[in-house]
Amino acid sequence: MISLNDYLFSGNTVLKILHQYSNDLRNSAKETHNSIDLAHSNFLIQIIELLEHNDFLTSQSQRIKEFYKYMTREYPFLAFTFKGRIKSLIRAEEKFNGYILEFVYNYYKKNGSFPSEAEIKSTLNFRDLIAYRIVISMPACHIKKGEDRAEVERKYLYEIANVMPEFLEERGFTPEISRHKDGGHCDLLKDAVQPYYHDSVATPRSSGYQSLHITMYDNLARCYTEVQLRTKDMDDFAEIGDANHFGYEKTQETRRSKHDQIPSGECVYFDDAYERLTKLQELELSKLDVNMFKAINNQLINDGCGLFRGRQILPFEHLSRFQNDLID
């Protein structure tokens, strides 16, 4: 079985790794008549296209920047950041195989049999290879006596979420109906936009993770992009807090449990996905030899190629303009 790990020790660029891995997967899939590996190869080609032909990102990021300008006018008292990224290769590979693992397991538990190749492929639809994140924070000097900072920020977060779909739609984006039907929505989110959002603020994940997610189709660039909205506390919890650590540990435990419940050798797609995921999770990043990537350990990482951390697209920061004056 071919895995991404086979290509991470030769000093090649991420782009060359992608080409080699995709080509080898395709050739192997033709020999074994494995349409899931063919879909996997095509998924990698999508990433290659993003990296090789990314002129559209200039137009897209400029239109996203218009919303940043809108926020600087409407919310001069808020501090906020806009960041964009192309999903890293390792994270994309984890997600592709994770989708297969999850779908096959749930199907088997429900039906007592395994899904067809066509059914598995129908779940492999990725809309967040490109993503933007908006993080807001209210400076302490603007919090009135008796007010709860988290609640104030939450109110503004939903206010921004209510405006954003129409604003971006006027600039060539189309909001997509959320595929997440679990959980509810906060009453602060208007009825007109609720179908577009996955509201993990109103219904946090088991790890405690909170965020608003919306998927947009960019009609000019002809691709999907995801926009995430968080407060700074939510972002801290997701990136460096318990949600990050707990989520990783919980995912590891859950995957091992699922593997134990599926008969080994009964579904090659499940077995391959599990093995590829396990190999990625056991990587010692300090031993990798990839051009423009260096790690001392799995925490101290200098990634200049988008192997482990996403490639940055759009960094904008807005510091509150009124640090010393009260705003009426």
Side-chain angles (χ1 to χ4, degrees), residues 13-15 18 43-76 78-92 95 125-137 156-157 159-176 178 193 196-198 211-232 234-235 238-239 292-293 302-321:
T13 65
V14 161
L15 201 53
L18 276 162
F43 170 70
L44 297 173
I45 289 173
Q46 291 181 46
I47 302 175
I48 291 171
E49 286 295 309
L50 282 179
L51 300 181
E52 289 187 333
H53 308 289
N54 55 17
D55 291 346
F56 71 90
L57 289 175
T58 302
S59 164
Q60 185 179 87
S61 61
Q62 285 299 316
R63 285 176 284 130
I64 297 286
K65 184 180 178 181
E66 290 299 313
F67 193 64
Y68 166 82
K69 291 179 178 178
Y70 165 82
M71 284 183 59
T72 62
R73 294 191 301 269
E74 295 297 317
Y75 306 99
L78 280 177
F80 51 85
T81 60
F82 274 53
K83 293 182 181 179
R85 61 102 182 106
I86 298 174
K87 191 180 289 294
S88 73
L89 175 54
I90 286 179
R91 179 69 185 103
K95 192 159 190 177
N125 185 10
F126 299 89
R127 300 184 176 188
D128 65 344
L129 289 178
I130 303 171
Y132 297 87
R133 182 181 300 161
I134 302 171
V135 178
I136 69 168
S137 178
Y156 282 113
L157 191 73
E159 188 175 307
I160 292 164
N162 286 328
V163 173
M164 188 173 66
E166 182 178 356
F167 186 97
L168 293 180
E169 194 162 15
E170 292 171 353
R171 288 157 179 80
F173 294 88
T174 299
E176 296 286 311
S178 174
V193 301
Y196 303 131
Y197 280 100
H198 181 205
S211 186
L212 286 167
H213 289 199
I214 184 171
T215 298
M216 312 289 290
Y217 183 75
D218 186 345
N219 294 285
L220 302 184
R222 298 182 180 179
C223 67
Y224 291 100
T225 187
E226 182 181 82
V227 182
Q228 305 169 359
L229 296 167
R230 301 175 183 171
T231 67
K232 184 63 167 60
M234 294 173 190
D235 195 54
E239 297 300 311
M292 294 294 288
F293 179 88
N302 187 14
D303 187 351
C305 61
L307 173 67
F308 187 78
R309 292 181 174 143
R311 290 194 177 199
Q312 190 168 270
I313 303 171
L314 182 80
F316 286 118
E317 290 184 355
H318 175 266
L319 301 179
S320 175
R321 296 180 186 174

**Request:** Show your working on side-chain contact (heavy atoms from CB on, under 4.5 Å) between L50 and F56 and close with a plain yes or no.
**Result:** CA-CA 9 Å; L50 282 179; F56 71 90; 3.4 Å; yes
**Prompt:** Is there a side-chain contact between L168 and P175 (heavy atoms, below 4.5 Å)?
**Reply:** no
**Option passing side chain to side chain contact (heavy atoms under 4.5 Å, CB included) with I160 (candidates F167, Y70, F67)** = F67
**pair Y132-R85: side-chain heavy atoms closer than 4.5 Å** = no
**Request:** Could you point out which residue of I136, L157, V135 forms a side chain to side chain contact (heavy atoms under 4.5 Å, CB included) with M234?
**Result:** L157
**Asked** Taking the side chain from D303 and the backbone from F293, do they hold a donor-acceptor pair closer than 3.5 Å?
**Response** no
**Between OG1 on residue T72 and CZ on residue F82, distance to nearest 0.5 Å** = 9.0 Å
**Request:** Report yes if some heavy atom in the side chain of L57 is under 4.5 Å from a heavy atom in the side chain of I130; otherwise report no.
**Result:** yes
**Message:** Tell me whether the count of non-hydrogen atoms from other residues, nucleotides or ligands lying under 6.0 Å of CD in E166 goes above 12.
**Reply:** no
**Prompt:** Can a salt bridge be assigned to the pair K69 and E66 using a cut-off of 4.0 Å between side-chain N and carboxylate O?
**Reply:** yes
**Message:** Tell me whether the rings of F80 and H318 are parallel (<30°), tilted (30 to 60°) or perpendicular (>60°).
**Reply:** parallel
**Item:** Gap between atom CD1 of I313 and atom OG1 of T225 - 0.5 Å precision
**Value:** 7.0 Å
**Complete:** Distance col, row I48:CD1 vs H53:NE2, nearest 0.5 angstrom, shows 9.5 Å
**Prompt:** Is the side chain of R171 donor-acceptor paired with the backbone N or O of R63 at a distance under 3.5 Å, no angle test?
**Reply:** no
**Aromatic ring pairing H213/H198, orientation class (parallel under 30°, perpendicular over 60°, tilted between)** = perpendicular
**Asked** Are side-chain heavy atoms of M164 and Y197 found at a separation under 4.5 Å?
**Response** yes
**Prompt:** So, do Y196 and M216 sit near enough that their side-chain heavy atoms are less than 4.5 Å apart?
**Reply:** no
